[in-house]
Amino acid sequence: MNSELDGDSIAVKQEVTFKERLWVVVPIVLLIGLICTLVYSHHAEFTWDGFVSGFNQEFLVFFAIGVFAQLVDGTLGMGYGATSTSFLLAYGIPPVISSTGVHVAEMFTTGASAISHHHFGNINKKLVKHLVIPGVLGSITGAYLLSDVIDGEVIKPFIAVYMIVLACLIIRKSMQKNILKKKTKRLNILASFGGFMDAVGGGGWGPIVTSTLLGRGRNPRYTIGSVNAAEFAVSFASGITFMLFGGIHGWQVIIGLILGGVIAAPIAALLVNKIKRKPMMIVVGILIIILSLKTLSKLL
């Protein structure tokens, strides 16, 4: 009898261990597959001289942008797309190359971020499962429509206003001594909308999903870790869709953002455990307001 119980216990432990490993194995396998596909499809574009000459002052700028954007996104659960795109455009990179570079780089940086948050125990797996599928479907739909049907610039003012409202709500709640946790209903709709707007507007998964969940009183550490983990699937889906329809441009930008983001991802995941709830929520709110006002100012 005891031997049967021991056998069942070992089987359960093995099953748990296997499921735990999937959280790391799946992102790694997908990223390796992506690298192989990119190398196979674009190997003719790379030369040793071009590779060496690419490591110049401009590359260091893109690398620094990648580090900073990932630190923002990994610690606050939002802002990678908006931060990196804003810096790239300000530096003079054309919008097409900026958009392509950010989306392709996010496929790698969000994978590194998901693995890092899992390592530091920042993930609520139940929440991730509720967000992934609708988020992926929304991102694929948005990427496809942006490629062929709609103009992302048209709806940017609406999402910017929405984010400002959410930011004010978060800051107000951060000032309260006791924030009551409320059940977040219709997570699938929230994730679908976040994924759609992220693909169409060049950013929005974090500001929409993270802001809403934090505004409902959820724990920042697990909310940010879980939303970042789900973002890997969302970014991967939209990135593949953009690659299929628009191709890839700006390798120096992409590599700089990837290397900077991958290096910063574990640092950001570690900082989530160190930052207190109140200042984190205030910073999140202020960051959203600044980015949203900047978006609105460009459209007026």
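Being a predicted model, the structure only gives us computed values, none of them experimental. Start at 1 with the first residue, then count along the sequence.
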Exercise for the section: Provide the closest heavy-atom pair for Gly225 versus Ile123 in the form atom of the first, atom of the second, distance. Expected result: O-CG1, 3.8 Å
Problem - Side-chain heavy-atom pair Ile258, Met107 within 4.5 angstrom cut-off - result: no
Problem - Non-hydrogen side-chain atoms of Val67 and Ile267 separated by less than 4.5 Å - result: no
Problem - Nearest-0.5 Å distance, CZ of residue Phe236 to OG1 of residue Thr110 - result: 9.0 Å
Completion exercise
Looking only at heavy atoms, the pair that brings Val128 and Ala229 closest together is CG2-CB, 4.1 Å
Problem - ring pair (Phe, Tyr, Trp, His ring centres under 6.0 Å) involving Phe63 - partner list, sequence neighbours excluded - result: none
Completion exercise
Note: Gly74 and Asn228 closest approach over all heavy atoms is CA-OD1, 4.1 Å
Completion exercise
Between Ile65 and Ser84, the two heavy atoms sitting closest are CG2-CA, 3.9 Å
Problem - Enclosure of Tyr222 OH (heavy-atom neighbours >12, cutoff 6.0 Å) - result: no
Problem - Shared hydrophobic cluster for Ile189 and Val227 (ILVMFWY, side-chain gaps under 4.5 Å) - result: no
Problem - Pairing residues for Phe68 by the ring pair (Phe, Tyr, Trp, His ring centres under 6.0 Å) criterion, not counting sequence neighbours - result: Phe87
Exercise for the section: Apply the test side-chain contact (heavy atoms from CB on, under 4.5 Å) to residues Leu60 and Glu58: give CA-CA distance (whole Å), side-chain angles for both, the deciding distance (0.1 Å), then the verdict. Expected result: CA-CA 5 Å; Leu60 294 178; Glu58 281 197 334; over 6 Å; no
Practice task
Report yes if the side chains of Ile224 and Asn122 come closer than 4.5 Å at any heavy-atom pair, otherwise no.
Solution key: no
Fill in the blank from the handout: Heavy-atom nearest pair, Ala191 first then Pro134, reads CB-CG, 3.8 Å
Handout entry: Derivation and outcome, side-chain contact (heavy atoms from CB on, under 4.5 Å), residues Leu127 and Leu187
Key = CA-CA 9 Å; Leu127 177 59; Leu187 277 174; 3.9 Å; yes
Practice task
Answer with yes or no whether the side chains of Ser226 and Asn124 bring together a donor and an acceptor at under 3.5 Å.
Solution key: no
Exercise for the section: Quick one: closest heavy-atom pair of Leu257 and Thr109, and the distance? Expected result: O-CG2, 3.9 Å
Exercise for the section: Only counting residues at least two apart or in another chain, list the ones meeting side-chain contact (heavy atoms from CB on, under 4.5 Å) with Val234. Expected result: Ser139, Trp205
Exercise for the section: Please tell me if the side chains of Phe62 and Leu259 come closer than 4.5 Å, counting only heavy atoms from C-beta onward. Expected result: no
Problem - side-chain contact (heavy atoms from CB on, under 4.5 Å) assessment of Phe108 paired with Ile254 - result: CA-CA 10 Å; Phe108 291 88; Ile254 294 172; 5.8 Å; no
Practice task
Give a yes or no on whether Ile140 atom CD1 has more than 12 heavy-atom contacts from other residues, nucleotides or ligands under 6.0 Å away.
Solution key: yes
Exercise for the section: State, with a plain yes or no, whether a side-chain heavy atom of Tyr80 is found less than 4.5 Å away from one of Val72. Expected result: no
Exercise for the section: Evaluate side-chain contact (heavy atoms from CB on, under 4.5 Å) for Ile263 paired with Gln70, printing each intermediate quantity in order. Expected result: CA-CA 9 Å; Ile263 291 174; Gln70 185 58 42; over 6 Å; no
Handout entry: Leu213 side chain reached by Leu190 side chain, heavy atoms, under 4.5 Å
Key = yes
